[in-house]
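Notes follow once the structure below has been shown.
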Amino acid sequence: MTNNDLPVIAAVDGSTHSRQALDWAVREAARRRLPLVIVHVRPLTRTVDEETQLREADELLAEAVRRSELIAPQVRPSTLAPLDFPAAALVSLGRDASMVVVGSRGLGGFRSLIIGSNSLATASMASCPVVIVQDGRPDEDDRSEDEEALSDIVAGVAADESSEAVLEFAFATAATRPGARLRIVHGWTMFSSMLAGEPVFDRESAADSARRGLAELTSGWQERYPQVEVVREPVKGSASRTLVTASATAALTVIGRRKGGESLGLGLSPVAQTTVTHALGPVAVVPC
């Protein structure tokens, strides 16, 4: 199986949030023509017997398959019900997946939390992109029509090679949506301009430098995906506010996370953390 054939993993647990994630994953698998694997992790911490756990898992997964067939009959999902800690199982499955799709919270989540611990842990440690489907959108009855109208893909990038994986995922996602526009957001400061050897005291010169750097960073990708309309948005200061605002009307917001700091809790940068926890639409966290 090549990287282009790796499945989309959809995690379900019976919650409203996981149903929203399943719907998103089914549509994405159909767009990309990828296999879909629907996963329900049977938690190790439950006190019920294994037979009951398996029966409940089978019922939940059967309902998820029926739901997926109503959305995209051409997608024929397979199912898994591993016994493990949820984040550990999803991180393991992510090693052979194109992406993992999770809801913002599960059945065990506190209602006061915007992002559940399992979703955040998976996004911080997985070796593939993790899409967290937020629930700040209209109710289910209106969702399908509204999703078709949301065509923008928004990507937050740093002006260096660390953003290559983010750009690759964002362009590929936009290319599967006819007429989609890709908004590429980069936050710059006078300090970042100084570190890059660019103007420090002239704000307009620093802004021009940021625009040139963003154009150079994305030019090769635009040549590879000429069908994608690209809008470059260098913004002074942190990109968090722009990304969170844009997420309300975006089909997907794409951000990166650094590799190598997972064991120290350093997987998500401040911009990524803010975007994930406050976004109003789906967010893809891409390891880079």
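- Around CD of Q227, the count of heavy atoms belonging to other residues, nucleotides or ligands within 6.0 Å exceeds 12.
- Using a distance-only test at 3.5 Å, with no hydrogens or angles considered, a donor-acceptor pair links the side chain of R257 to the main chain of A123.
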Item to check | Criterion side chain to side chain contact (heavy atoms under 4.5 Å, CB included) on E28 and V26, from CA distance to verdict | outcome: CA-CA 5 Å; E28 195 64 18; V26 172; over 6 Å; no
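- Atom CD1 of I9 sits about 11.5 Å away from atom OG1 of T122, to the nearest 0.5 Å.
- Under a 3.5 Å cut-off, the side chain of Q53 and the backbone N or O of P43 do form a donor-acceptor pair.
- Note that the CZ atom of R67 and the CD1 atom of I38 stand 10.5 Å from one another [nearest 0.5 Å].
- Side-chain atoms of S18 come within 3.5 Å of backbone N or O of D13 as a donor-acceptor pair.
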Item to check | side chain to side chain contact (heavy atoms under 4.5 Å, CB included) assessment of L120 paired with Q273 | outcome: CA-CA 9 Å; L120 198 58; Q273 183 89 21; 4.0 Å; yes
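- Around the CD atom of E50, the shell of radius 6.0 Å holds no more than 12 heavy atoms that belong to other residues, nucleotides or ligands.
- Atom-to-atom distance recorded for S163:OG and W221:CH2 is 11.5 Å, nearest 0.5 angstrom.
- With salt bridges taken as basic N to acidic carboxylate O contacts below 4.0 Å, none links R181 and E229.
- Scanning both residues, S104 and H17, for their nearest heavy atoms gives OG-CD2, 3.4 Å.
- Judged purely by atom type and a 3.5 angstrom limit, H40 uses its side chain to pair as donor or acceptor with the backbone of V12.
- With salt bridges taken as basic N to acidic carboxylate O contacts below 4.0 Å, none links R211 and E216.
- In this structure, I71 and R27 have side chains that are in contact, with non-hydrogen atoms separated by less than 4.5 Å.
- V285 has its side chain within reach of L268: a pair of non-hydrogen atoms, C-beta onward, lies under 4.5 Å apart.
- Annotation for A250 and P282: closest pair O-CD, 4.5 Å, computed over non-hydrogen atoms.
- Across all their heavy atoms, L36 and A10 have their closest contact at CD1-CB, 4.1 Å.
- D84 places no side-chain N or O within 3.5 Å of a backbone atom of P86 that could act as its donor or acceptor partner.
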Next on the checklist: Using side chain to side chain contact (heavy atoms under 4.5 Å, CB included), reason through T79 and V65 one step at a time and then give a plain yes or no.
Outcome noted: CA-CA 8 Å; T79 60; V65 169; 3.7 Å; yes
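- Tracing side-chain contacts under 4.5 Å through hydrophobic residues (I, L, V, M, F, W, Y), one never reaches V244 starting from V271; they form parts of separate clusters.
- A distance-only check finds a donor-acceptor pair linking the side chain of S269 to the backbone of A272 [under 3.5 Å].
- L80 and V130 fall within the same hydrophobic cluster, defined by Ile, Leu, Val, Met, Phe, Trp and Tyr side-chain heavy atoms under 4.5 Å apart, directly or through other members.
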Next on the checklist: Show, in sequence, the C-alpha distance, side-chain angles and deciding distance for R95 and S127, and conclude whether the side chain to side chain contact (heavy atoms under 4.5 Å, CB included) test is met.
Outcome noted: CA-CA 6 Å; R95 297 190 186 104; S127 56; 3.9 Å; yes
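- The CD1 atom of I132 sits 11.5 Å away from the OG1 atom of T253 when rounded to the nearest 0.5 Å.
- Looking at S78, its side chain never comes within 3.5 Å of a backbone N or O of V37 through a donor-acceptor pair.
- Using a distance-only test at 3.5 Å, with no hydrogens or angles considered, a donor-acceptor pair links the side chain of T218 to the main chain of L214.
- Of the possible polar contacts, one joining the S247 side chain to the L280 backbone as a donor-acceptor pair under 3.5 Å is found.
- With a 4.5 Å cut-off on side-chain heavy atoms, V230 and F171 count as touching.
- Between R19 and T16, the closest side-chain pair of non-hydrogen atoms falls below 4.5 Å.
- Taking every heavy atom of both residues into account, A155 and L243 meet most closely at C-CD2, 4.2 Å.
- Counting only heavy atoms from C-beta outward, the side chains of L252 and F169 approach each other to under 4.5 Å.
- Taking every heavy atom of both residues into account, S98 and C128 meet most closely at O-CB, 4.2 Å.
- Between the CG atom in L60 and the CZ atom in R55 there is a gap of 13.0 Å [rounded to 0.5 Å].
- Separating the OG atom in S151 from the CG atom in L182 is a distance of 11.0 Å, to the nearest 0.5 Å.
- With hydrogens and angles disregarded, no donor-acceptor distance shorter than 3.5 Å links the side chain of S240 to the backbone of T275.
- Annotation: side chain of V102 is not in contact with side chain of V131 (no heavy-atom distance under 4.5 Å).
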Checklist entry - Does the side chain to side chain donor-acceptor pair (under 3.5 Å) test come out yes or no for R241 and T274, once each step is laid out? => result CA-CA 9 Å; R241 183 184 297 274; T274 300; over 6 Å; no
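- Salt bridge annotation for R66-E63: present, with a cationic side-chain nitrogen under 4.0 angstrom from a carboxylate oxygen.
- In plain terms, the two heavy atoms of V75 and P77 that are nearest each other are O-CD, 3.1 Å.
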